[in-house]
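First up is the structure itself, then whatever we jot down about it.
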Amino acid sequence: MTFDLDHHGDAEVGAGLIDLAVNVRHQAMPGWLAQPIAASLDRLSAYPENSAATAAVAARHHREPGEVLLTAGAAQAFVLLAQALRGARRPVVVHPQFTEPEAALINAGHRVERVLLRAEDGFRLDPGLVPADADLVFVGNPTNPTSVLHPAADVAKLARPGRVLVVDEAFADTTWRPGVAGEPESLAGRRDLPGLVVLRSLTKTWGLAGLRIGYLLAPADLVPRFAAVQPLWAVSTPALAAAIACASPVAVAAERRIAAEMAAERDHLVERLRHVPSVTIAGEPASAFVTIQLPEADVVRRELRERGYAVRRGDTFPGLGPQWLRIAVRDTATTDGFVHTLTAVLEERS
Ligand SMILES: Cc1ncc(COP(=O)(O)O)c(C=O)c1O
């Protein structure tokens, strides 16, 4: 079976449709973020200078600046890793997950092996499934598209000398657990795990998909290898301004509040979906989206489009297939409207 690894949710969104396909938050930018981005426009005649942003991101994760590489979105990091680590002998991608890591590896000439997590296991990571001699491993946490958050201890078990372990934490800022102050299960601050590379994105929670800003956190001896294959001045001055703003304590506190609100909205979506006959929810959702399994999902998806809703198809994800759809968590009124429409579509088909 072949999968269209280059398909992404943005291709599903069309004029007039309610967007439940792209997992970027749709809210006005707070002043502490909008102002520095706007002010940076006065400095566009100069080439970008990234040391202040690198230091800010390092401080936010209690790391050294030499352990940070700012990137044009997390997506650029996949390409840098795939190019810089061309010598890897056995690259493994744990699926289902975002398809760009595999696409970037293939484009760089790697032969990629897939490890498939199973619906019956709630798409939970079993570290034992990854071959012991895999020297480059990609795993998402929380995982897009399943929304499953693996225990940090299980992900950490994958780290070992002689291996680069890439943990895509693009959605870590959307996770939340009562009584936990920070991001549950994030490895971003861990400096003790050999070969650990953590990828982060600032485009989701902060609605900056068009600005392109993210970063990787890695041991200081690895960072120069990734920097060496990065185009010069890859991160623009406005994107650097955003990185500084989003690393501030104000931003981190706001992120936690947003994640807590989203947890309530996600619970609402899950609860509503549980009452829709023939719908099964993947795993235990913990991020900005919920993935469901239902008969004839692709027909249902097209019918939902006719009625104004864009949802993400599941058939382009290895480990899922045409019977799956991914739905973004939105405010409860949008969710109610969507679930009402989904129920009507399914009733008409039964
Ligand atoms: C899991 C995951 N990782 C990384 C990315 C890339 O994000 P960015 O916008 O920072 O390039 C995405 C974007 O959809 C994603 O879903």
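One-based numbering, in listed order, for ligands and for the atoms of each.
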Legend entry - Steps toward ring-ring contact (aromatic ring centres under 6.0 Å, His included) verdict (Phe3, His95): CA-CA 12 Å; Phe3 296 88; His95 285 288; 8.0 Å; no
Legend entry - Pair Gln97-Thr99, side chain to side chain donor-acceptor pair (under 3.5 Å): steps then yes or no: CA-CA 6 Å; Gln97 79 146 298; Thr99 49; over 6 Å; no
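Residue Asp168 holds the heavy atom nearest to atom 1 (C) of ligand 1 of all those in Asp168, Thr203, Thr143. Considering only non-hydrogen atoms, atom 14 (O) of ligand 1 lies nearest to Lys204 out of Glu169, Lys204, Arg200.
With a 4.0 Å heavy-atom cut-off, ligand 1 is reached by the side chain of Ala170 but not by its N, CA, C or O.
Among protein heavy atoms, the minimum distance from atom 6 (C) of ligand 1 is reached at Ala75 N, 3.8 Å. Shortest contact from atom 16 (O) of ligand 1 to any protein heavy atom: Asn144 ND2, 2.7 Å. For atom 5 (C) of ligand 1, the closest non-hydrogen atom of the protein is Phe98 CE2, 3.4 Å.
With no hydrogens or angles considered, no side-chain donor-acceptor pair links Arg312 and Asn23 at under 3.5 Å.
Heavy-atom distances between Gly214 and ligand 1 stay at or above 4.0 Å for every pair.
Heavy-atom proximity to Arg212, at under 4.0 Å, picks out these atoms of ligand 1: 8 (P), 9 (O), 11 (O).
Take Arg305 and apply the salt bridge (Lys or Arg N to Asp or Glu O under 4.0 Å) test, not counting sequence neighbours, and it matches no residue.
The closest donor-acceptor contact from the side chain of Thr71 to the backbone of Gly214 lies under 3.5 Å.
Of the residues Val290, Thr174, Thr335, the one that meets the side chain to side chain contact (heavy atoms under 4.5 Å, CB included) test with Arg266 is Val290.
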